[in-house]
Amino acid sequence: MTSRLHLRVDGPPTAPVLLLGGSLGTTGAMWEPQVAALAEGFRVIRYDHLGHGRSATPAGPYTVDLLGREVLRTLDHLGVPWVHYAGLSLGGMVGMWLAVHAPDRVRRLALLCTSARLGPPEPWRQRAATVRAAGLPAIADAVVARWFTPTFAAAHPELVAGYRAMLTATSPAGYAACCEAIAALDLRPDLGRIGVPTLVVAGADDPAIPVGHAREIVDLVPGARLVVLDAAAHLANVERPGPVGRLLREHFEQAGG
Ligand SMILES: O=C(O)CC1=CCC(=O)O1
């Protein structure tokens, strides 16, 4: 069996595995600001979602259930029995799904800039239709405007251009299928079953997934802790690399290996 998910692997081979899942329209490269620090203590494995980056793009429809099962297949393929998991946005949705449906495979969870239900579904179906008809460039300006605060974007135009290029390089079919997976998602009834220590991080200035979504997750996941980062929009790990790196290290290092 081979993995259909493209992986980037850093850190000591015998260290505990920290699996990182990214946002819609990105690849594992979006975690670059944190990888060096995290790889000091963890075997950091970054994956591209199905339909993204260098992962396979099987025919749809996609659901978050399908994306999560593909992650489990990949862990089986690698012979990894359990992981710590951090996910941003779509990556966080997959993380919640894993912690609910494969509780023995996730030891600790970090959920960044994410939502248990990012409704209503119609705008997601409309975005999928636009991307299928006109490609990623048709939505790229609007999406990237939600990824970074205007202040950060003005100060870092080359970095922002790099992330925009990551988005427009995404398979239109894969991106659209993931939009439809988000449209259909509602994990709220399941979150009470999450039994692992959970850190929830939100960007105070995230127009894509406002802080209320993080508060809802914290209300529903037993014992979850909320941190709201100021001066951060949707890709908070890019805009606030140091604080996000420290939060993740502190959270996962508490596991004691
Ligand atoms: O693309 C957006 O608008 C923001 C987003 C929602 C889910 C995700 O992964 O990114």
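These numbers come from a predicted model, not from an experiment.
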Q) Within the side chain of R43, is there an N or O that forms a donor-acceptor pair under 3.5 Å with the backbone of A15? A) no
Q. Within the side chain of R240, is there an N or O that forms a donor-acceptor pair under 3.5 Å with the backbone of A231?
A. no
Q: Measure the spacing between CZ of R188 and CD1 of I217 and express it to the nearest 0.5 Å.
A: 11.0 Å
Q: For side chain to side chain contact (heavy atoms under 4.5 Å, CB included), just list the numbers for L167 and W147, CA-CA rounded to whole Å, side-chain angles, deciding distance to a tenth of an Å, and then say yes or no.
A: CA-CA 11 Å; L167 172 66; W147 278 359; 3.7 Å; yes
Q.
Filter on side-chain hydrogen bond (donor to acceptor under 3.5 Å, both in side chains), then keep only pairs touching residues 165-180, sequence neighbours left out; what's left?
A. R127-Y175, R132-E180
Q | Side chain proximity check, V131 to C179, heavy atoms < 4.5 angstrom | A | no
Q: Kindly check if the number of other-residue, nucleotide or ligand heavy atoms within 6.0 Å of CZ (R193) is above 12?
A: yes
Q | Closest heavy-atom pair and its distance - G192, P222 | A | O-CG, 3.6 Å
Q) Does R105 use its side chain to pair, donor to acceptor, with the backbone of V80 at less than 3.5 Å? A) yes
Q: Start with the C-alpha distance between H77 and L5, add both sets of side-chain angles, then the distance that settles side chain to side chain contact (heavy atoms under 4.5 Å, CB included), and finish with yes or no.
A: CA-CA 11 Å; H77 168 69; L5 299 185; over 6 Å; no
Q: Evaluate the side-chain proximity of Q34 to L247: yes if any heavy-atom separation is below 4.5 Å, no if none is.
A: no
Q: Sorted by first residue and then second, give each side-chain hydrogen bond (donor to acceptor under 3.5 Å, both in side chains) pair with at least one member in residues 112-123; sequence neighbours left out.
A: S115-H213
**Q.** Flag, side chain of H52 to backbone of L24, donor-acceptor distance under 3.5 Å
**A.** no
(Q) I want to check something: taking the side chain as every heavy atom from C-beta on, are L78 and L7 in contact at a cut-off of under 4.5 Å? (A) yes
Q. How many angstroms lie between atom CE of M93 and atom CG of L185, to the nearest 0.5 angstrom?
A. 6.0 Å
Q.
Strictly by side-chain hydrogen bond (donor to acceptor under 3.5 Å, both in side chains), give each pair with a member in residues 157-166 just once, sequence neighbours left out.
A. D141-R164
Q | Heavy-atom pair of closest approach, residues A232 and A236 | A | CB-CB, 3.9 Å
Q. Do you know the tightest heavy-atom contact between G92 and L111?
A. O-CD2, 3.5 Å
Q) Partners of T149 by side-chain hydrogen bond (donor to acceptor under 3.5 Å, both in side chains), sequence neighbours excluded? A) E239
Q: Nearest 0.5 Å please: distance from the CG atom of L20 over to the CG atom of L88.
A: 10.5 Å
Q. Side-chain contact, heavy-atom cut-off 4.5 Å: L50 with P58?
A. yes
**Q.** Shortest non-hydrogen separation from R108 to H251 and the atoms involved
**A.** NE-O, 2.7 Å
Q: Using the side chain to side chain donor-acceptor pair (under 3.5 Å) rule, pick out the option among R54, R8, H6 that qualifies with D48.
A: R8
Q) Is the closest side-chain heavy-atom distance between H101 and D190 below 4.5 Å? A) yes
Q: Starting at CD of E216, measure out to CG of L226 and round the result to the nearest 0.5 Å.
A: 12.5 Å
**Q.** Stepwise side chain to side chain contact (heavy atoms under 4.5 Å, CB included) check, L19 with L75
**A.** CA-CA 10 Å; L19 186 62; L75 295 182; 4.2 Å; yes
Q) Within a strict 4.5 Å, meaning less than it, do heavy atoms of the C113 and V201 side chains meet? A) no
Q: Check whether any side-chain N or O of S55 sits under 3.5 Å from a backbone N or O of G51 as a donor-acceptor pair, and report yes or no.
A: no
Q: Apply side-chain hydrogen bond (donor to acceptor under 3.5 Å, both in side chains) to D65 and list each qualifying residue two or more places apart in sequence or on a separate chain.
A: R69, W97
Q: Over all heavy atoms of both residues, which pair between A110 and F252 is shortest? Give the atoms and the distance, please.
A: CB-CZ, 3.7 Å
Q) With sequence neighbours excluded, what pairs up with F152 under the ring-ring contact (aromatic ring centres under 6.0 Å, His included) test? A) F148, H156
Q: Show your working on side chain to side chain contact (heavy atoms under 4.5 Å, CB included) between L72 and L98 and close with a plain yes or no.
A: CA-CA 8 Å; L72 292 177; L98 289 170; 3.7 Å; yes
**Q.** Donor-acceptor contact below 3.5 Å, side chain N237 vs main chain P33
**A.** no
Q: Please tell me if the side chains of L67 and C178 come closer than 4.5 Å, counting only heavy atoms from C-beta onward.
A: yes
Q | H234 side, atom NE2; L112 side, atom CG - distance, nearest 0.5 Å | A | 10.0 Å
Q) Does any non-hydrogen side-chain atom of M96 lie less than 4.5 Å from one of L191? A) yes
**Q.** Closest non-hydrogen atom pair, L66 against P61
**A.** CD2-O, 4.3 Å
